[in-house]
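All chains are named by letter (A, B, ...) in the order of the sequence lines, taking the proteins before the strands, and each is independently numbered beginning at 1.
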Number of protein chains: 2
Amino acid sequence: MINSGTENTEQRILAAARRVFLQKGKDGARMQEIAQEAGINQALLHYYFRTKDRLYEMVYRQIFDQFFQPLMPILEADLPFDRFLQQFIEIYLESLRKNPDIVHFIFWELRRGGKVAARQIRRRFRSLGPDNPLLKRIHRAVEAGEIRRVDPLHFILSILGMCIYPFLARPIISRVFSELDVLSDEFLARRKKEIFQLIWEGIAPGNENMEEK
Amino acid sequence: MINSGTENTEQRILAAARRVFLQKGKDGARMQEIAQEAGINQALLHYYFRTKDRLYEMVYRQIFDQFFQPLMPILEADLPFDRFLQQFIEIYLESLRKNPDIVHFIFWELRRGGKVAARQIRRRFRSLGPDNPLLKRIHRAVEAGEIRRVDPLHFILSILGMCIYPFLARPIISRVFSELDVLSDEFLARRKKEIFQLIWEGIAPGNENMEEK
DNA sequence: GTCTATAAGTCGATAGAC
DNA sequence: GTCTATCGACTTATAGAC
């Protein structure tokens, strides 16, 4: 067990760096704070990761990867479109609930160009063919008459926006409605239902209770 | 005209600070860069705004205020709900197009608690009564039978999410679809239409072309 | 009001002992 | 591998001349 202590330290550092970077961002984070959070000193940080840039790069990629990961399995299953939608929404909300800090970090980092994010997406999707499998799934549903003719890209942007936005706006929501917690079971169960119903039925008065899902 | 030069300089500083803070964030911004951007030196910055914190505070409030401002006039007009919705979407998309950098900045800053944001919202809405006028508008539409029974809060979160998300994800979108520009007339016109149709009709196959809006 | 020069402090990174 | 001590660069902020 030559390196047992080493791996432990390295993981502790990565975990600490992740917490600090997520909360403060790259510029706001301090190597000293990361060291302290990991229970070591600053010199040891540089021993393992040479520079702040390198350490950040590691954490950064891991975070981006985690953001797109949970959606993969649903794309491989072959469900009717309404079930697919419900699964998609539920899994994504659940994934966001587990890492609520990630969204702010991700979209802030995207200012820098989104190169890593785009590569991560492509890498994730590569196994499912050359074209974007999410777009393909929507397109297929349209062609099969499962849903009316929508623009697949805009449709995806709408779903993602509806899922992600409450987490982004969480600080405002909890201030404007002091009793409300975006991360609670109640809110998320309700959110899931409202997103699906809105997408599926719309709000036109004639559509009331057309389906009970 | 004793202070003519002064006001000019102050405004130039604020404009420069705004640009730099929006792009780099508070921690990433450098007083030197702001000075340079304003065409002055660093000492003069401190002469006008004493500290970086104070300067940031000014810019920060201005940016948050601007984010919620454009929605106000629509709430005062008395339109049928479908028209209200279309106006809301159009005006908000247009407002975001004019200041695409704002969204990343806003949601990143919200990590710190959203105190200023919440206060800004309340201040904006105060003139329209004690309750949130956006919620009230939705509620009224439900009671009047203009739309089916939706949860007003979730409905608002959905609209805002659909409007804001493309701007947040813009770097990814432009990389995954290299020909596509979120800020273009074509995209935004399409976006507006797709959001409204999705909200109004949903995607259930039976609803195809029920309305031509 | 505006400038140059610099003080005071912080931060990332390294040297060197153990 | 891990530590203490410290260097050197950068950054905010101020002193003082004009």
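Rounded to an integer number of Å, the gap from A/L45 CG to D/dT4 P is 13 Å. Atom P of nucleotide D/dC10 and atom CD of B/E33 are separated by 15 Å, given to the nearest angstrom. Look at OH on A/Y56: it is 18 Å from C1' on C/dC11, rounded to the nearest Å. Between the CD1 atom of A/I13 and the C1' atom of C/dG12 there is a distance of 15 Å, given to the nearest Å. If you take CD of B/E10 and P of C/dT2, they are 11 Å apart, rounded to a whole angstrom. Across the protein-nucleic acid pair, A/Q42 atom CD and C/dA13 atom C1' stand 8 Å apart, rounded to whole Å. Atom CZ in A/F49 sits about 16 Å away from atom C1' in C/dG12, given to the nearest Å. Between the NZ atom of A/K52 and the P atom of D/dA9 there is a distance of 19 Å, rounded to whole Å.
Residue B/N41 places at least one side-chain N or O under 4.0 Å from the OP1 or OP2 atom of C/dC3. At least one side-chain nitrogen or oxygen of A/Y48 sits closer than 4.0 Å to the OP1 or OP2 atom of D/dT2. For B/R30 and D/dC10, the shortest distance from a side-chain N or O to OP1 or OP2 is not below 4.0 Å. For A/T9 and D/dG1, the shortest distance from a side-chain N or O to OP1 or OP2 is not below 4.0 Å. Side-chain N/O atoms of B/H46 include none lying less than 4.0 angstrom from OP1 or OP2 on D/dT14.
Among the nucleotides C/dG12, D/dT12, D/dT14, the one closest to any side-chain atom of A/M31 is C/dG12. The side chain of B/A43 lies closest to C/dC3 when the candidates are C/dA13, D/dC3, C/dC3. For B/Y47, counting side-chain heavy atoms from C-beta on, the closest listed nucleotide (D/dC3, C/dT2, D/dA13) is C/dT2.
The residues A/K26 and A/D53 are annotated as salt-bridged, a charged nitrogen and a carboxylate oxygen being separated by less than 4.0 angstrom. Using a 4.0 Å cut-off between charged side-chain N and carboxylate O, B/R123 and B/D65 make a salt bridge.
No donor-acceptor contact under 3.5 Å links the side chain of A/Q32 to the base of C/dG12.
Applying side chain to side chain contact (heavy atoms under 4.5 Å, CB included) to B/V150 and the options A/Q197, A/E194, A/E201 leaves one that passes, A/E194. Residue A/F107 is tested with B/F107, B/W108, B/Y165 for a side chain to side chain contact (heavy atoms under 4.5 Å, CB included); the sole match is B/Y165.
Counting any heavy atom pair closer than 4.0 Å across all strands shown, A/A29 reaches sugar-phosphate atoms only and no base atom.
Side-chain atoms of A/Q120 come within 3.5 Å of backbone atoms of A/R61 as a donor-acceptor pair (strictly under, hydrogens ignored).
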